[in-house]
Amino acid sequence: MSQYRIFNHEDAIGYVRQTARLDPDVTLQGEEIGDGNLNQVFKVCQPGKAKGFIVKQALPYIRCIGESWPLTRDRARIEAEILLYHGQYSPEYTVAVLHHDPALSVILLEDLSDLQVWRQALLEGQHFADAPAQLGIYLAQVHVHSSDFRLDYLGQRTAQLQFANPELMAISEAVYFVDPFCDHERNNVAPEIRDDAEQLWADQALKLRVARLKHDFRCKGQALLHGDLHTGSVMVAAGRLKVIDAEFGGYGPMGFDLGVIIANLLLNFCSQSSAPRRLQRIQDISALWHSYHAQCLRLARETPDPALAAPEYINDFLQRVWQDALGYAGCEIIRRTIGVAHVADIDNMADPVQKTASQRQALALGRMLIMSADQLDEAQLEKTLLQQSTETER
Ligand code: SR1
Ligand code: MG
């Protein structure tokens, strides 16, 4: 039985040697490459070879905060199990788990060095035109297959218990729906937009909507979510896409995953001074939704439950998923602007005046999405964003 210890690169090499069953004579090198908020991540490979293995280890605390915020290491086991489950239904788009050791809180993952993080690609102005449609297929596959469209009552309740992730989902509940809507000490509010944040904190109509979204996040266990599907959890290359980092996953509303990724495309939209790039983000959102909708419709129709098979039922269901997605997108945009964890798209903007303008635009857009979620269909959202894009011409 392995004993938990915080890995250094030698430990990571030893773990790879043991679990990947490599020839003992093979020379391996390892380096820490993690830049995420929670874990440490090593790349282990043979010298001179571009591809090797990824070793991800959960620390007993949140890495970006430190030991003052302890966090269960069991998240590594939960993440491995979620990725394996999602990988059954979306093998093309889910990172492969090669091995995992619950005692060491370690996962061995395929090395995706030939892909790049989507957020970084967007920051560099690169456009991966296939990515939104691929992500729509991935989401539809993992959502429908873990939902009541595929599982009977016992099967879905069993899965809800197997993938229970209370500690990580409690963090999500706090950082999405609580902290950003009050003057919480964990928040990170730039002084220039303090007034805007205070207006949100005093906005009772907004808080009522957020309370509903929070309730649904906890109680509407529709499907096994990825749980943290921002553009940093998606790796892309020409014609290829892989989703990584599912440690915040668990059962929840389908619209949550969809909303988080839409929000991250919109955060990039808010950071852009280039009109063509803003237009690309609008088109990305449209392609994502159309792909998700079409694939859900196709997969859901094959349900063994005759009560759920009618196209009218499925279309109505997906319309409500869309409305949920807009609400969750609004929360993600707001929490990434004034909450504990921001995004590089806006935080790394060089011009302080433009950065403040982008933060303000993000807060207004986030609020609008939450307040208008039940009134905006996809075409209306596109029209609204196109108007905003023209008005914010810089
Ligand atoms: C305190 S944890 C903040 C965020 O980091 C992760 O990347 C998740 O997005 C989480 O919400
Ligand atoms: Mg993550």
Side-chain angles (χ1 to χ4, degrees), residues 33-41 54-83 86 94-95 97 105 107 109 112 115-120 135 138 165-181 184-189 210 213-214 217-218 225-236 242-250 252 256-268 328-347 362 366:
I33 57 162
D35 62 354
N37 290 336
L38 264 68
N39 308 294
Q40 50 174 6
V41 181
I54 297 299
V55 177
K56 177 172 178 177
Q57 186 182 41
L59 299 171
Y61 49 83
I62 296 185
R63 181 184 183 168
C64 68
I65 308 276
E67 291 178 43
S68 63
W69 193 341
L71 188 58
T72 176
R73 288 191 284 108
D74 196 35
R75 65 187 189 268
R77 174 195 63 79
I78 297 169
E79 174 172 11
E81 290 184 7
I82 292 174
L83 288 172
H86 283 174
T94 306
V95 64
V97 174
S105 308
I107 313 176
L109 296 159
L112 299 171
L115 287 77
Q116 54 183 320
V117 176
W118 198 14
R119 187 185 307 288
Q120 193 54 39
L135 206 50
Y138 156 82
N165 193 1
E167 291 192 49
L168 277 282
M169 292 186 89
I171 291 178
S172 292
E173 184 178 288
V175 300
Y176 278 86
F177 310 115
V178 181
D179 302 0
F181 299 97
H184 198 282
E185 62 184 10
R186 275 194 295 254
N187 287 337
N188 173 8
V189 184
V210 173
L213 291 160
K214 174 173 173 278
F217 178 73
R218 197 189 289 194
L225 307 184
H226 174 280
D228 194 22
L229 194 60
H230 55 82
T231 45
S233 297
V234 181
M235 308 278 295
V236 290
K242 292 278 180 186
V243 174
I244 60 171
D245 275 3
E247 67 229 304
F248 283 88
F256 183 79
D257 277 344
L258 202 57
V260 169
I261 191 65
I262 287 173
N264 279 267
L265 293 168
L266 288 174
L267 285 158
N268 184 272
Y328 290 120
C331 294
E332 168 76 349
I333 291 175
I334 291 172
R335 76 121 179 173
R336 293 293 191 183
T337 309
I338 56 174
V340 64
H342 291 196
V343 291
D345 309 58
I346 292 184
D347 265 27

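The model shown is predicted, which means the values in this text are computed figures rather than measured ones. Residue indices begin at 1 and follow the sequence shown. No hydrogens, no waters, no symmetry mates; every other heavy atom, side chains included, goes into these values. All ligand and atom numbering here is 1-based and tracks the order in the structure.
- In terms of protein heavy-atom proximity, atom 5 (O) of ligand 1 is closest to Asn37 ND2, 2.8 Å.
- Listed by number with element, the atoms of ligand 1 under 4.0 Å from a non-hydrogen atom of Arg336 are 9 (O).
- For ligand 1, the polar-atom distance check against Asp228 finds a nitrogen or oxygen pair separated by under 3.5 Å.
- When only non-hydrogen protein atoms are considered, atom 11 (O) of ligand 1 lies nearest to Arg335 NH1, 2.7 Å.
- Side-chain atoms of Asn188 and Ile338, non-hydrogen and from C-beta on, never get closer than 4.5 Å to each other.
- Close approach to Trp69 involves these atoms of ligand 1, each under 4.0 Å from a residue heavy atom: 1 (C).
- In terms of protein heavy-atom proximity, atom 2 (S) of ligand 1 is nearest to Leu38 CD1, 4.1 Å.
- Looking at Leu59, Ile171, Ile65 one by one, the single match for side chain to side chain contact (heavy atoms under 4.5 Å, CB included) with Leu71 turns out to be Ile171.
- Annotation: atom 3 (C) of ligand 1 to nearest protein heavy atom, Ala341 CB, 3.8 Å.
- Neither the backbone nor the side chain of Tyr176 has any atom closer than 4.0 Å to an atom of ligand 1 (non-hydrogen atoms only).
- Atoms of ligand 1 lying under 4.0 Å from any heavy atom of Val175, numbered from 1 in the order shown and given with element: 11 (O).
- A side-chain N or O of His342 and one of Asp347 form a donor-acceptor pair less than 3.5 Å apart.
- No hydrogens or angles considered: nothing links the side chains of Arg75 and Asn165 as a donor-acceptor pair under 3.5 Å.
- The only member of Glu79, His226, Arg77 that meets side chain to side chain contact (heavy atoms under 4.5 Å, CB included) when paired with Glu247 is Glu79.
- The existence of a salt bridge linking Arg336 and Asp228 is confirmed by a sub-4.0 Å separation between a basic side-chain nitrogen and an acidic carboxylate oxygen.
- Although no hydrogens or angles enter the test, the distance criterion places no donor-acceptor pair under 3.5 Å between the side chain of Tyr328 and the main chain of Asp257.
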